[in-house]
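Both ligands and their constituent atoms are indexed starting at 1 by order of listing. Just so you know, these numbers use all the heavy atoms, side chains as well, and skip hydrogens, waters and symmetry mates.
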Amino acid sequence: MERGKKLYQSECLACHQADGKGVSRLAPTLVKTPWVLGDKKVLIDIVLNGVSGLEVEGEYFYNPMPDHSRLTDKEIADVLTFVRNSFGNKASVVSAEEVKQRRLAKKK
Ligand code: HEC
C-alpha cells in the first residue's frame with residue numbers, strides 16, 4: 001500500500017487528483033467506479049494500454065488516458081492495489097502475476 005501510494009502520487013495524481021475524484025471533463029473519478037472495483041483484467045488493461053471514450057458517471061472526457069506500460073508489473077500491481085483500497089474503495093489486491101498475464105495476453 002505504501003509503495004502504491006507513492007506511485008499513485010507520481011503517476012496518477014496529476015490527472016485523477018489526491019482525493020481520487022478527478023477533474024470535471026479532464027479526468028474521471030476513481031471512487032467506486034465499475035472499472036476500479038470490477039474485473040481486474042479490465043482495470044489492468046486500462047493502465048497498460050490507456051483508455052479513451054469511456055462514459056464515467058454520465059460524463060465523457062476530452063483527452064484519452066495515456067498508457068503506463070513502462071511501469072513494472074509489480075508497480076502496476078501496487079498502484080492498483082492502492083487505488084482499489086483508497087478513496088472509499090474496498091476490493092481485493094492485484095498481484096504482479098495478474099499484471100504479467102495481461103501483458104502476455106496483449107502481445108499475442
Ligand atoms: C494524463 C492524465 C491521466 C493520468 C496520468 C492517468 N489517468 Fe486514468 N484516466 C484519464 C482519463 C482522461 C480517463 C478517461 C478516458 C476516456 O475514457 O476518455 C481515465 C480513466 C481511468 C480509469 C477508468 C475510468 C474510471 O474512472 O474508473 C481508471 C481506472 C484510471 N484512469 C486509472 C488510472 C491510474 C491507476 C493511473 C496511474 C497509474 C492513471 N489513471 C493515470 C487520465 C489520466
So if I apply the side chain to side chain contact (heavy atoms under 4.5 Å, CB included) rule between E11 and each of E75, K6, R70, which one comes out positive? R70
Is it true that a side-chain atom of N89 and a backbone atom of L30 form a donor plus acceptor pair closer than 3.5 Å? yes
Between F87 and F82, what is the ring plane arrangement, given parallel below 30°, perpendicular above 60°, and tilted in between? perpendicular
Nearest-0.5 Å distance that lies between atom CD1 in I46 and atom CG in L54: 5.5 Å
Of all protein heavy atoms, the one nearest atom 10 (C) of ligand 1 is M65 CB, 3.3 Å
Tell me, which protein residue and heavy-atom name are nearest atom 13 (C) of ligand 1, and how many Å apart are they? P28 CD, 3.2 Å
Select one of side chain, backbone, both or neither to describe which atoms of P66 lie under 4.0 Å from any atom of ligand 1, heavy atoms only. side chain
Closest to atom 41 (C) of ligand 1 among protein heavy atoms sits H68 CE1, 3.5 Å
Rounding to 0.5 Å, atoms CD1 (I44) and CD (Q101) come to a distance of 9.5 Å
Heavy-atom neighbours of E55 CD exceed 12 at 6.0 Å: yes
Close-contact set for ligand 1 against L26 heavy atoms, below 4.0 Å: 12 (C)
Just distances here: any N/O of G53 and N/O of ligand 1 closer than 3.5 Å? yes
Check the pair C12 / V79 against side-chain contact (heavy atoms from CB on, under 4.5 Å), numbers first and verdict last. CA-CA 9 Å; C12 323; V79 77; 3.9 Å; yes
Considering only N, O or S atoms of H16, the one closest to atom 8 (Fe) of ligand 1: NE2
Please write down residue, atom name and distance for the protein heavy atom closest to atom 38 (C) of ligand 1. C12 SG, 2.7 Å
Measure T29 to ligand 1 on non-hydrogen atoms and call it side chain, backbone, both or neither using the 4.0 Å cut-off. backbone
For ligand 1, is any non-hydrogen atom under 4.0 Å from V51's backbone (N, CA, C, O), its side chain (CB onward), both, or neither? both
Check whether any side-chain N or O of H16 sits under 3.5 Å from a backbone N or O of P28 as a donor-acceptor pair, and report yes or no. yes
Close approach of L13 to ligand 1, heavy atoms, under 4.0 angstrom: no
Protein contact to atom 28 (C) of ligand 1 [nearest heavy atom, distance to 0.1 Å]: L30 CD2, 3.6 Å
Nearest-0.5 Å distance, NZ of residue K40 to OG of residue S95: 6.5 Å
Within 4.0 Å of some non-hydrogen atom of E11, the atoms of ligand 1 are 5 (C), 37 (C), 41 (C)
Once you restrict to heavy atoms under 4.0 Å, what part of L43 touches ligand 1? Side chain, backbone, both or neither. side chain
For ligand 1, does L54 get within less than 4.0 Å through its side chain, its backbone, both, or neither, judged by non-hydrogen atoms? both
Please report the C-alpha distance between S24 and E59 in whole Å, then the side-chain angles of each, then the deciding distance to 0.1 Å, and finally whether the side-chain contact (heavy atoms from CB on, under 4.5 Å) criterion is met. CA-CA 8 Å; S24 185; E59 220 183 340; 3.0 Å; yes
Quick note on ligand 1: atoms under 4.0 Å from a heavy atom of F61 include exactly 18 (O)
Residue V36 vicinity, atoms of ligand 1 by number, heavy atom under 4.0 Å: 27 (O), 29 (C)
C15 backbone or side-chain N/O/S under 2.8 Å from atom 8 (Fe) of ligand 1: no
Which of the atoms in ligand 1, numbered in the order shown and given with their element, are less than 4.0 Å from a heavy-atom of I46? 22 (C), 23 (C), 28 (C)
Starting at NZ of K100, measure out to CD1 of I76 and round the result to the nearest 0.5 Å. 14.0 Å
From the list D78, L80, V83, side chain to side chain contact (heavy atoms under 4.5 Å, CB included) with L7 holds only for D78
Any N or O on T33 sitting closer than 3.5 Å to an N or O of ligand 1? yes
